[in-house]
Amino acid sequence: MPDGEEVLAGEIAANGDALAVRTRQRLMVDLAAWYIGHTIVLAAVLTDLGERSDGALSPQTRAILGQLRSAEHGEGWLEYMRQVLDGDIG
């Protein structure tokens, strides 16, 4: 299928069990496309800002980003994204 027509998402658990979802439901396709696009944009902005992001973000914004946690790693969103962009997390 051409891009924008369907979404396929899957997960393989530590025990080897696999679970996948494939859908053409417009809401889910649009949601996935939006999420991926915005994640790419945020990664590009963070890459450009580098360590200057600390001074560029208001204390309120840093607090909000600190409250958003990575489910797997437990740190705030901004720190998690920095680790991903540095290649520390795959």
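Judged as a ring pair (Phe, Tyr, Trp, His ring centres under 6.0 Å), not a single pair has a partner in residues 6-33 (not counting sequence neighbours). Applying the ring pair (Phe, Tyr, Trp, His ring centres under 6.0 Å) definition to pairs two or more places apart or across chains, none involves residues 41-66.
Applying the side chain to side chain donor-acceptor pair (under 3.5 Å) criterion to T61, with sequence neighbours excluded, gives S58. Take D48 and apply the side-chain contact (heavy atoms from CB on, under 4.5 Å) test, not counting sequence neighbours, and it matches no residue. When the side-chain contact (heavy atoms from CB on, under 4.5 Å) test is applied to T47, the partners found at least two apart in sequence or on another chain are L85. In this structure R52 satisfies the salt bridge (Lys or Arg N to Asp or Glu O under 4.0 Å) test with no other residue, sequence neighbours excluded.
For the residue pair M28 and T23, the shortest heavy atom distance occurs at CB-CG2, 3.8 Å. Nearest heavy-atom pair, V29 versus E5, reported as atom, atom and distance to 0.1 Å: CG2-O, 3.8 Å.
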Under 3.5 Å, sequence neighbours excluded: what are the donor-acceptor pairs made by side chains of residues 8-15?
residue: N15; atom: OD1; partner: D17; partner atom: N; Å: 2.8
residue: N15; atom: ND2; partner: D17; partner atom: OD2; Å: 3.1

Donor-acceptor list for residues 30-43 side chains, cut-off 3.5 Å, not counting sequence neighbours:
residue: D30; atom: OD1; partner: R26; partner atom: NE; Å: 3.1
residue: D30; atom: OD1; partner: R26; partner atom: NH2; Å: 3.0
residue: W34; atom: NE1; partner: H38; partner atom: ND1; Å: 3.3
residue: W34; atom: NE1; partner: H38; partner atom: NE2; Å: 3.3
residue: H38; atom: ND1; partner: W34; partner atom: O; Å: 2.9
residue: T39; atom: OG1; partner: Y35; partner atom: O; Å: 2.8

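If you take CG on L57 and CD1 on I64, they are separated by 10.5 Å, rounding to the nearest 0.5 Å.
Here L27 is tied to no hydrophobic group at all, with no ILVMFWY side chain closer than 4.5 Å.
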